[in-house]
Structure formats: C-alpha cells, structure tokens
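Basis for what follows: all heavy atoms, side chains included, without hydrogens, waters or symmetry-related copies. In this text, all values refer to a predicted model and were calculated from it rather than measured experimentally. Proteins get letters first, then strands, A, B, ... in listed order; numbering begins at 1 in each.
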There are 2 protein chains.
Amino acid sequence: MPRPRTRIQQKNSETILEAALEVFSAQGFRGATLDQIAEVAGLSKPNLLYYFSSKEAIHQALLADLLDTWLDPLRAMNPVGEPVAEVMAYMRRKLEMSRDFPRESRLFANEVLQGGHRLREAIEGELKALVEEKAVVLRRWMDEGRIARLDPVHLLFSIWALTQHYADFDMQVRAVLGEGHDPYAEAGDFLETLYTRLLRP
Amino acid sequence: MPRPRTRIQQKNSETILEAALEVFSAQGFRGATLDQIAEVAGLSKPNLLYYFSSKEAIHQALLADLLDTWLDPLRAMNPVGEPVAEVMAYMRRKLEMSRDFPRESRLFANEVLQGGHRLREAIEGELKALVEEKAVVLRRWMDEGRIARLDPVHLLFSIWALTQHYADFDMQVRAVLGEGHDPYAEAGDFLETLYTRLLRP
DNA sequence: TTGGGTTTTGACCGGATGGTAAGCAGTTGC
DNA sequence: GCAACTGCTTACCATCCGGTCAAAACCCAA
C-alpha cells in the first residue's frame, strides 16, 4: 500500500501504526496478532489489511519510521562542539528517548534480540556508517587530549546499553527499586557522574 | 511431570531443555513452536509432551533453572573482600556469563522485555532481596571511603546493562564492529577502565 | 438524487500449532 | 520367558491466526 492520500487514510494508518507499536513492542512480532492490533486500533481486522497488505508490512513500516528517529541523537553530536559536553548531551538525549519512547526502544530490542534479520541491512549500512563517522570524531578528540583515550565504539555501546536498559528492562528496574523512585531522574544523575569520571582526560 | 527418576528420563529432559533453550532464546515464547523444539531435540512432539505437560511447563522449567545460576555471580560478591576488586570481579563474572551463556541471557531479556509476568515473583522476591543486601554492603564501602559514593542500585544496574548488552545485542555489536574483532575481549578492557575510573574514591 | 469511488464488514479459508488418545515397542525385574 | 511398566509413535482434534472475498455502507460531487 502506497503512502496515504486522503484525510481518512492518513488518520487510519496512523491509528494502526500507533496500535501496532503498542502491541509489537509488548509482544514481539510473532507474539502480536492482527486481532490484538485491530482491537487496540478500534478497527476490524480486514480493515487493517485494507491499509496494510500484511502483518509483515505493518511491522516494516514501524521499523522504517523507527530507524530514522533512532539515529537522530547520534547524528546531532557536533564534531566542532566541546567534547565532554557533546558526549554528555548525547547520553542525555538517549536517556530521554528511553523515557519518552520506551515502546520504540522495546520494539528495537525485541527485533535485535531475535537475530535482527529485519534490521540487518540498516544496521550493517546506515548505523555502522554513522558509528564509524562518529568514532573518527571521538578519536580525534582523544588525540587532542580533550577526552580520555577509550575504544570509541565501545564507548558508544556503553551509552546505548546504559540508557536503553531503563526502557527495555523497565519492569525489572521498577521492581527492584520499589515504590517512591523516579528511575530516569536517578539514572540521569548516576550516568552524569559515570561519564564525567570516564571521560575526564 | 515430577522431576526425572530413571536414566532415560534424566537424559531426555535434559535434551529437551537444551533444545528449548536454543529455540526459546532465539524466538521468544510465542515465537517458538513445539515442532521446532522437537526437531532440535531429535524427539517427536508427543514425546516432548510425555516429559513436560505443556509448552508453558518447558518454559517454566527453563526459567526456574535460570534464575538460580543468574544470581550466583552477585551472591559471590564478598562483603569482607577488597571493595574495588570485588565489584570488578562481579563485573568480570557477569561479562563471562554473557560470553559463555548468551542464550540464557537472551531468554531472560526476552522475558523481562515483554513485561516479565512469568518472572515478576522471582524478581520482586529473590532478586530484589539480594540487591538490597548487596546495596547495604556497597553503601558501607562508600561510607568507609573505599569506593566512590554512588547510588549502589544503579551501580548494579549499570553492570547488568553493560555486560548483558554484549549477549542480548550480539548481532548489533558484531555488525557494527565488523570482522576481526573479539567483542568480549574488547569489552573486558573497556569495562575494566570504566569501573576503575568510576569506583576510585 | 444519483452514481462512482472509497471504506468497512461478516463470513469464510487453509495452514499452523498446542495438545490428546490409544495402542505399539522396549526395558526391566523376576 | 513373561508380566508390567516405561517410553514412544501414529493419527487425530480444536483452536488460532493471517489473509481473502464479495457485498454492504459510507461519502461526496454533479
């Protein structure tokens, strides 16, 4: 199905993708059913398939949208900015994305966890290229003595791991912390300290 | 089905659980089918159900086994040891578990990611209790000025996130690093540096 | 109002999947 | 060698699920 044209097509595709995000992120691709998505969307199952040609197609549309926004924070890391502040700001943005878009994070995690064959191309292409580009910048900052010398790629991995953890393992985080905690606020403080100490040259 | 008695029961339950781990960790609960597990195990589907009463039961057995071994590294953190070395050793053991038991890590991740209702009890009970016990120890070390003052629970979260990332996002890690890398060796070095700097009082 | 397009639906299909029944085969203890 | 139990298989069932189809409902311009 080509991109929406009329108002009603626009609105319904959005409703479907919103519902699909809800269900896919909570159940994984195989775990989600069209009936569930239809129910969340408030539409009938055949109606979903009027807008998207298959379950696969809905999932694909979701992943395609996702990847763009997912890489934005890293793209925004400014090669001519102040190194420590830039890395710190990147970490902050990733943490905010985990807080504000946990479903997107879990959709991504579900996908990669299960071999990520639907994302392999994008990961080996776009993502890898962007990481290599930013690794060059980080290495330069290290050469200039403006941040500590570290493996730049594993530095990025650490930011992904530490921030996405709060979205992907949300249930565990909340269960262990118990009542009366603001996981993301605490994580912000903790990670601020961590990267301050790690990056100091 | 009660615990195995005869030799053949012992052997076949093990074969089934091994196959189930393979399939569940790669596909999630809903994504796995009894036929797949049966094929990997080299047994017929009805034979699986002779040993385990249902798909659910196989999964439960797997999770029950898992939790014990999963908590071992943290249990082993010695309250009367040298603080920095103890935390570092814990991180090392967790990283080794990611390397040597990635399927177990992914089984766990799949489960928690999808709301973790099958693990909720264990997480809110055993896991939380153990974390609180170790948090007391960490706080004491901080009070004694033997490691840096940090939120002890988020310190543990960071170890989980950073080590499990290499198992759970293995596909991404390998795709981004490309050929000719030993992810776990590099991660070991990186995390050694990270926690050395983070923990220094 | 009418006619043509768009949107929605109920009924249905075929294959996959978890699980069962009933009997056959193997093993073990005597 | 034989009974009795354990282990295993073939055939089958019911349900779920992705997807189809034909027709109904809706919308809107002329």
Side-chain angles (χ1 to χ4, degrees), chain A residues 1-64 107 110-111 114-115 117-118, chain B residues 1-63 107 110-111 114 117-118:
Chain A
M1 168 128 314
R3 291 286 84 197
R5 320 209 148 247
T6 74
R7 304 281 160 71
I8 197 158
Q9 279 169 346
Q10 182 70 37
K11 185 168 139 296
N12 278 349
S13 326
E14 275 167 23
T15 306
I16 292 169
L17 289 176
E18 158 64 27
L21 175 59
E22 186 70 28
V23 178
F24 280 134
S25 70
Q27 319 259 130
F29 179 77
R30 195 73 168 19
T33 71
L34 287 177
D35 288 290
Q36 285 175 83
I37 298 171
E39 190 181 335
V40 173
L43 298 170
S44 70
K45 183 172 60 165
N47 208 7
L48 294 197
L49 294 163
Y50 174 71
Y51 289 101
F52 293 89
S53 60
S54 66
K55 183 185 180 183
E56 238 341 291
I58 301 177
H59 196 247
Q60 288 290 1
L62 229 38
L63 289 184
L107 180 70
N110 258 308
E111 199 46 37
Q114 303 190 3
H117 56 281
R118 291 167 229 264
Chain B
M1 169 130 311
R3 291 286 84 196
R5 320 208 151 246
T6 74
R7 305 279 160 71
I8 198 157
Q9 279 170 346
Q10 182 69 36
K11 183 167 141 297
N12 278 348
S13 319
E14 276 167 23
T15 306
I16 292 169
L17 289 176
E18 157 65 27
L21 175 60
E22 187 71 28
V23 178
F24 280 133
S25 69
Q27 318 260 118
F29 180 77
R30 194 73 168 19
T33 71
L34 287 176
D35 288 291
Q36 284 175 80
I37 298 172
E39 191 182 332
V40 173
L43 298 170
S44 69
K45 182 172 60 167
N47 206 7
L48 256 56
L49 294 162
Y50 173 70
Y51 289 99
F52 293 89
S53 60
S54 66
K55 183 184 180 183
E56 206 35 75
I58 301 178
H59 196 248
Q60 288 290 3
L62 229 38
L63 289 184
L107 180 70
N110 257 308
E111 198 47 37
Q114 303 190 3
H117 56 281
R118 292 168 228 265

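In this structure, Ile37(A) atom CD1 and dG18(D) atom P are separated by 8 Å, rounded to whole Å. His59(A) places its NE2 atom 18 Å from the C1' atom of dG19(D), with the value rounded to the nearest Å. dC17(D) atom P lies 10 Å from atom CD of Gln27(A), rounded to whole Å. Across the protein-nucleic acid pair, Asp35(A) atom CG and dC16(D) atom P stand 10 Å apart, rounded to whole Å. In this structure, the CD atom of Glu39(A) is 15 Å from the C1' atom of dC17(D), given to the nearest Å. Note: CD1 (Ile16(B)) to C1' (dG7(D)) measures 11 Å, nearest angstrom. Atom-to-atom, CG of Leu43(B) to P of dT9(D) comes out at 8 Å; the value is rounded to the nearest Å. Taking atom NZ of residue Lys11(A) and atom P of nucleotide dT6(C), one finds them 18 Å apart after rounding to whole Å.
Base engagement by Leu49(B) is indicated by at least one non-hydrogen atom pair under 4.0 Å involving a base atom. Using a 4.0 Å heavy-atom distance criterion, Ala32(B) is classed as a sugar-phosphate-only contact. Among the protein residues, Ala57(B) comes within range of no part of the nucleic acid, since none of its heavy atoms lies under 4.0 Å from any strand.
Smallest separation of non-hydrogen atoms from Phe52(A) and Ala61(A): CE2-CB, 4.0 Å.
Using a 4.0 Å cut-off, some side-chain N or O of Asn12(A) falls inside it from OP1 or OP2 of dT8(C). Within the structure, a side-chain polar atom (N or O) of Ser44(A) is placed less than 4.0 Å from OP1 or OP2 of dT9(C). OP1 or OP2 of dT9(C) lies within a sub-4.0 Å distance of a side-chain N or O belonging to Asn47(A). At dG7(D), one or more side-chain N or O atoms of Tyr50(B) fall inside 4.0 Å of OP1 or OP2 (strictly under the cut-off). Between Arg30(A) and dT17(C) there is a side-chain N or O to OP1 or OP2 distance below 4.0 Å.
In the set dG19(C), dT7(C), dG18(D), dG19(C) carries the atom at the smallest distance from any side-chain atom of Lys55(B). Closest contact between the side chain of Pro46(A) and the listed nucleotides dC21(D), dG19(C), dC16(D) involves dC21(D). Taking only side-chain atoms of Gln9(B), from C-beta outward, the nucleotide of dT6(D), dG19(D), dT8(C) with the closest atom is dT6(D). Out of dT9(C), dG19(D), dG18(C), the shortest distance to the side chain of Lys45(B) is found at dG18(C). For Thr33(B), whose side chain is taken as the heavy atoms from C-beta onward, the closest listed nucleotide among dG18(C), dT8(C), dC17(D) is dG18(C). With dC8(D), dA16(C), dG19(D) as the candidates, the nucleotide lying closest to the side chain of Leu34(A) is dG19(D). Distance from the side chain of Tyr51(A) is smallest for dT8(C) among the nucleotides dT8(C), dA16(C), dG18(D).
A side-chain donor-acceptor contact under 3.5 Å links Gln114(B) and Asn110(A). With 3.5 Å as the limit, one finds a donor-acceptor pair spanning the side chains of Gln36(B) and Thr33(B).
A salt bridge (Lys or Arg N to Asp or Glu O under 4.0 Å) check over residues 49-63 of chain B, counting only residues at least two apart or in different chains, returns the pairs Glu56(B)-Arg118(B).
Residues Leu63(B) and Leu107(B) meet the side-chain proximity criterion, which asks for heavy atoms closer than 4.5 Å.
Phe24(A) and His59(A) have perpendicular rings, their planes meeting at more than 60° on a 0 to 90° scale where under 30° would count as parallel.
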